[in-house]
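Comments concern the structure below.
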Amino acid sequence: MKTIIEQINTEQMNKDTLKKAGEILRKGGLVAFPTETVYGLGADALNEQAAGKIYAAKGRPSDNPLIVHIADMDSLTRITKTVPEKAVIIAKKFWPGPLTMIFRKAECVPLGTTGGLDTVAVRMPDHAIAQEIIRAGGGYIAAPSANTSGRPSPTSARHVEEDLSGKIDMIVDGGAVEIGVESTILDMTVDPPMILRPGAVTREMLESLTGEILVDKTLIEPDSAEPPKAPGMKYRHYAPKAEMTILEGDISRVIEEINRMAAEKTAEGFKVGIIGTEETAGRYVTGNFKCIGTRQDEATVAGNLYGILRDFDSDGTDYIYSESFSTCGIGSAVMNRLLKAAGHHILHVDK
Ligand code: AMP
Ligand code: MG
């Protein structure tokens with residue numbers, strides 16, 4: 001299959017590109033497009049066969065349900081059985097935005113979209129191109145991250161092309177994304193609602209609006225015997241090809257330890273990558289240092305995370321050593337993705 005790639009800009013959207021994308025989606029095809037979180041791989045969510053193509057193109061396990069993207073509140077009623085009062089309050093504040101909510105599904109949503117579950121995950125993205133494509137495609141677009149399953153999520157059209165060129169009908173290139181990590185997932189079928197995946201809409205932000213919010217404990221205790229409540233969270237996601245270690249503790253000791261380990265692996269002939277920050281750049285002596293952002297603003301760290309992991313892949317890096325981050329605010333999304341990338345390999349260094 002030849003993948004059509006078209007650039008589009010948010011200020012001056014090319015109507016022909018949107019029309020083409022909409023036609024492909026309505027006919028049951030696959031179109032990758034930008035959202036504010038990461039690039040999504042879209043298909044008509046109400047067409048089971050179309051949704052099935054997403055699994056094939058990504059190599060995604062069939063029990064991993066898809067998020068349905070909508071562009072207006074009326075659409076929510078059609079695909080859900082009930083919408084709890086709290087969800088309405090939360091939607092008013094955070095939609096459109098980087099938040100997915102889970103509801104009981106209506107009959108019209110095929111089990112092929114929900115991975116066999118009787119619930120459906122729904123999000124309204126805050127991105128003009130995404131909204132236009134959702135409307136053009138019929139209003140209900142299943143769109144998981146547009147990467148090969150297991151690879152870091154795509155934050156640019158080039159990343160999508162690397163993974164899916166030749167396997168999907170079209171890529172709409174709207175430039176780099178804004179946030180860089182996937183949406184927060186909030187289960188509204190339980191009360192208090194529960195976070196199943198941390199993202200840019202944080203527990204603190206939700207609690208200040210509607211009171212207590214629980215967090216799936218498997219996100220905090222990765223060795224828990226219980227499986228995560230979001231089926232997708234059990235897979236070793238977001239993984240670079242290199243073996244990755246996160247070092248936690250006093251920052252001077254972390255730098256010292258990373259320098260020691262990097263020197264050792266380099267001497268053995270391995271390619272070493274280091275993930276540090278603006279605050280620590282210049283303090284690493286061996287290895288390929290990449291600056292992930294500044295600790296003054298951890299949103300910058302979220303924005304660069306997946307791109308850096310992909311760069312290390314293309315550099316043929318064997319070992320990655322990374323600083324760790326706080327778990328407040330968006331830091332919890334950053335640490336969740338970093339820990340998964342490292343297969344939960346974390347070293348605590350003492351003073
Ligand atoms: P992605 O779109 O690739 O970021 O992945 C979607 C995530 O949402 C996966 O971790 C899924 O397991 C999760 N998800 C989607 N639908 C549901 C649902 N009905 N219940 C629980 N988790 C869901
Ligand atoms: Mg994904």
Side-chain angles (χ1 to χ4, degrees), residues 30 32-43 45 51 54-70 76 79-83 87 98-106 109-125 127 130 134 140-155 159-160 163-164 168 177 179-190 193-201 214-216 218-219 226-239 302 305-306 309-310 333 336-337 340-341:
L30 299 183
F33 59 88
T35 79
E36 78 277 35
T37 58
V38 300
Y39 269 72
L41 177 60
I54 290 182
Y55 289 90
K58 281 178 59 79
R60 185 177 175 103
S62 61
D63 69 344
N64 189 1
L66 307 174
I67 296 173
V68 180
H69 292 68
I70 57 173
L76 182 64
I79 53 173
T80 53
K81 258 200 184 122
T82 47
V83 176
L99 174 73
T100 296
M101 287 193 274
I102 293 173
F103 303 96
R104 299 252 159 255
K105 79 170 191 71
V109 185
L111 291 170
T113 294
T114 64
L117 300 174
D118 64 356
T119 52
V120 60
V122 189
R123 180 165 101 85
M124 193 189 293
H127 193 290
I134 292 165
Y140 305 91
I141 302 298
S145 48
N147 54 320
T148 299
S149 267
R151 288 213 74 200
S153 293
T155 52
H159 297 159
V160 180
D163 284 11
L164 300 177
I168 64 177
V177 302
I179 297 176
V181 290
E182 304 86 344
S183 60
T184 305
I185 300 181
L186 185 64
D187 186 354
M188 299 307 302
T189 67
V190 291
M194 185 187 278
I195 292 179
L196 308 188
R197 176 174 76 185
V201 173
L214 305 177
V215 176
D216 182 357
T218 69
L219 298 179
E226 230 177 278
K229 295 200 165 47
M233 297 297 278
K234 70 174 177 275
Y235 297 105
R236 185 172 176 242
H237 239 148
Y238 321 121
L305 173 62
Y306 288 136
L309 294 181
R310 278 182 180 259
N336 170 259
R337 302 331 188 257
K340 291 196 120 204

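All ligand and atom numbering here is 1-based and tracks the order in the structure. What you see is a predicted model, and the numbers here were worked out from it, not measured in a lab.
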Using distance alone, determine whether R60 and ligand 1 share an N or O pair under 3.5 Å. yes
Going by the atom numbers of ligand 1, which of them fall below 4.0 Å from some non-hydrogen atom of S145? 1 (P), 2 (O), 3 (O)
Counting from 1, what ligand 1 atoms have a heavy atom of I67 closer than 4.0 Å? 2 (O), 6 (C), 8 (O)
Under 3.5 Å between any N/O of K58 and any N/O of ligand 1: does that happen in this structure? no
Can you find an N/O atom of N64 closer than 3.5 Å to an N/O atom of ligand 1? yes
The Mg ion (ligand 2) and S153: any N/O/S contact shorter than 2.8 Å? no
With a cut-off of 4.0 Å, which atoms of ligand 1 are near a heavy atom of L117? 18 (C), 19 (N), 20 (N)
Intermediate values then yes/no, side-chain hydrogen bond (donor to acceptor under 3.5 Å, both in side chains), S183 and T100: CA-CA 6 Å; S183 60; T100 296; 2.8 Å; yes
Starting at CD of E182, measure out to CZ of R337 and round the result to the nearest 0.5 Å. 4.5 Å
Looking only at distances, please establish whether an N/O atom of ligand 1 is found under 3.5 Å from an N/O atom of I102. no
Electrostatic pair K229-D187, nearest N-O below 4.0 angstrom: no
If the cut-off is 4.0 Å to any non-hydrogen atom of I185, which atoms of ligand 1 fall inside it? 7 (C), 8 (O), 13 (C)
Is there a side-chain contact between R104 and T119, using heavy atoms and a 4.5 Å cut-off? yes
Hey, is the main chain of I54 close enough, under 3.5 Å, to the side chain of R60 for a donor-acceptor pair? no
Using a strict threshold of under 4.0 Å (side-chain N to carboxylate O), is an ion pair present between R123 and E36? yes
